[in-house]
Amino acid sequence: MNDQDIINQFFIRDGEIQTNRRSKISILLAIIDDLQFCILLYKRWKTLKLSPEQNAELRKNLPTFTIVSLFCTAVDLLSRVINKRQPRPGQNGTYFKNCATQWFGLSQVEADQLWLLRNSISHSYSLNSRQIVIQYGHGRLIRQTTQSYWEFYLHAMYIALDKAKRDIYNQLSNESSTNKSATAGYLTNHGFFYTN
């Protein structure tokens, strides 16, 4: 398997069967699959044949914090893939915010707010008092209201992740062979889990 094959498995198609009959699963694709399920993305729910009423009832009960947690975990993961290494102690916030500005189109202030959201959910499973999470409503994943609240949009998180995934994949696929090898090495050690 060459370096591009490893990058493809992480970003596009995983599930390769290993010699011991275990499947190699991309952490990124698992996160995206879980996000699609949690936001009721049509292609993930159509096989359940839900009635319109059942679908509407489910939409009222989406796992809000789970979606935020999955999205922020994806940003953390992609920030490490871009850097081809784990952050040193104290660098995690820098990695995360740099990824948010470069690949998710956020301003530095917005990236700081996303970092605060990530920490609130990760450490205390709560929101900062000036932050609001909404299912739909805006084309961007974050915006500041006139009352200085920060609104985060769950469906836009998925859309932003899908775009960033494609953009990062294209960037890494076009790197020099040395850099591509470093990416593949990082992904081999930190980008997959295995299941039966």
Side-chain angles (χ1 to χ4, degrees), residues 7 10-12 26-32 34-36 38-39 64-176 178-180 182-187 190-191:
I7 293 169
F10 181 75
F11 283 96
I12 298 172
S26 162
I27 294 170
L28 178 63
L29 295 179
I31 290 169
I32 290 170
D34 289 350
L35 264 174
Q36 289 175 346
C38 289
I39 65 169
T64 303
F65 285 5
T66 302
I67 295 168
V68 172
S69 182
L70 286 166
F71 174 75
C72 290
T73 299
V75 176
D76 270 326
L77 175 64
L78 289 172
S79 73
R80 294 165 186 190
V81 171
I82 293 161
N83 285 285
K84 303 169 188 357
R85 65 184 174 95
Q86 298 288 92
R88 293 186 183 107
Q91 283 187 320
N92 200 37
T94 301
Y95 271 38
F96 183 94
K97 291 184 267 186
N98 287 346
C99 182
T101 56
Q102 182 176 0
W103 298 102
F104 289 83
L106 301 185
S107 69
Q108 189 61 55
V109 173
E110 291 168 336
D112 290 341
Q113 285 298 317
L114 185 61
W115 176 247
L116 288 174
L117 178 69
R118 173 219 181 263
N119 290 335
S120 294
I121 296 295
S122 296
H123 301 300
S124 62
Y125 213 64
S126 66
L127 294 175
N128 180 299
S129 63
R130 310 271 323 151
Q131 295 180 331
I132 301 166
V133 177
I134 302 170
Q135 185 176 357
Y136 296 102
H138 199 265
R140 291 179 47 87
L141 68 95
I142 180 176
R143 78 178 181 110
Q144 187 174 22
T145 67
T146 55
Q147 296 85 17
S148 296
Y149 281 87
W150 289 93
E151 293 179 339
F152 296 87
Y153 298 94
L154 299 176
H155 202 269
M157 287 180 181
Y158 170 75
I159 293 167
L161 176 57
D162 189 53
K163 181 184 182 314
K165 178 190 94 157
R166 286 190 314 269
D167 292 346
I168 293 169
Y169 169 77
N170 290 333
Q171 167 93 13
L172 296 176
S173 294
N174 290 312
E175 287 185 318
S176 69
T178 301
N179 285 339
K180 195 179 284 192
T183 299
Y186 180 81
L187 291 175
H190 302 286

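The basis for the numbers below is simple: all heavy atoms, side chains too, and nothing from hydrogens, waters or symmetry mates. Throughout, residue positions are numbered sequentially from 1 according to the sequence presented.
A distance of 10.0 Å separates CD1 of Ile12 from CD1 of Ile7, quoted to the nearest 0.5 Å. Between Leu117 atom CG and Ser122 atom OG the span is 8.5 Å, to the nearest 0.5 Å. A distance of 2.5 Å separates NZ in Lys84 from OG1 in Thr183, rounded to the nearest 0.5 Å. Here the CD1 atom belonging to Ile31 is positioned 11.0 Å from the CZ atom belonging to Phe71, to the nearest 0.5 angstrom. Between atom CD1 of residue Ile134 and atom NE2 of residue His155 there is a gap of 14.5 Å, rounded to the nearest 0.5 Å. The NZ atom of Lys165 lies 10.0 Å from the CZ atom of Phe10; values are rounded to the nearest 0.5 Å.
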Query - Derivation of the side chain to side chain contact (heavy atoms under 4.5 Å, CB included) call for Thr66 and Asp34 - result: CA-CA 9 Å; Thr66 302; Asp34 289 350; over 6 Å; no
Query - Full working for side chain to side chain contact (heavy atoms under 4.5 Å, CB included) between Tyr158 and Ile67 - result: CA-CA 9 Å; Tyr158 170 75; Ile67 295 168; over 6 Å; no
Query - Test side chain to side chain contact (heavy atoms under 4.5 Å, CB included) applied to Cys38 and Leu70, step by step - result: CA-CA 10 Å; Cys38 289; Leu70 286 166; 4.3 Å; yes
Query raised in the report: Between Phe152 and Leu127, is a side chain to side chain contact (heavy atoms under 4.5 Å, CB included) present by the stated rule, with each step listed?
Result: CA-CA 11 Å; Phe152 296 87; Leu127 294 175; over 6 Å; no
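Of all the heavy atoms in Leu78 and Leu28, the pair that sits closest is CD2-CD2, 4.0 Å. Nearest heavy atoms, Gln91 versus Arg85: OE1-NH1, 3.6 Å. Heavy-atom minimum distance, Phe104 versus Leu161: CE2-CA, 3.7 Å. Contact between Tyr149 and Gln131 at its shortest, heavy atoms only, is CD2-N, 4.4 Å. Scanning all heavy atoms of the two residues, the minimum distance from Tyr95 to Ser79 falls at O-CB, 3.4 Å. Residues Ile27 and His190 approach most closely at CD1-O, 3.5 Å, considering heavy atoms.
Looking at heavy atoms from C-beta onward, Val75 lies out of side-chain contact with Trp103 at the 4.5 angstrom threshold. By the 4.5 Å heavy-atom criterion applied to side chains, Pro87 and Asn92 are counted as neighbours. You'll find the side chain of Arg130 stays beyond 4.5 Å of the side chain of Leu116, heavy atoms only. The closest side-chain heavy-atom distance from Trp150 to Val109 is below 4.5 Å. Under the 4.5 Å side-chain criterion, counting only non-hydrogen atoms from C-beta, Gln86 is in contact with Tyr186. Side-chain atoms of Ile82 and Cys99, non-hydrogen and from C-beta on, do get closer than 4.5 Å to each other.
Counting only N and O atoms by type, the side chains of Tyr153 and Glu151 include a donor and acceptor under 3.5 Å apart. Side-chain atoms of Asp112 and Gln108 include a donor-acceptor pair closer than 3.5 Å.
Scored by the salt bridge (Lys or Arg N to Asp or Glu O under 4.0 Å) test, Arg166 finds Asp162 as partners (sequence neighbours excluded).
Judged by distance alone, the side chain of Ser69 and the main-chain N or O of Phe65 form no donor-acceptor pair under 3.5 Å. A distance-only check finds a donor-acceptor pair linking the side chain of Lys180 to the backbone of Ser173 [under 3.5 Å]. Side-chain N or O atoms of Ser148 include none that pairs as donor or acceptor with a backbone N or O of Gln144 at under 3.5 Å.
Evaluated for a side chain to side chain contact (heavy atoms under 4.5 Å, CB included) with Glu110, the options Lys97, Arg140, Arg143 yield exactly one hit, Arg140.
Classified by interplanar angle (parallel below 30°, tilted 30° to 60°, perpendicular above 60°), the ring pair Trp115/Phe96 is tilted.
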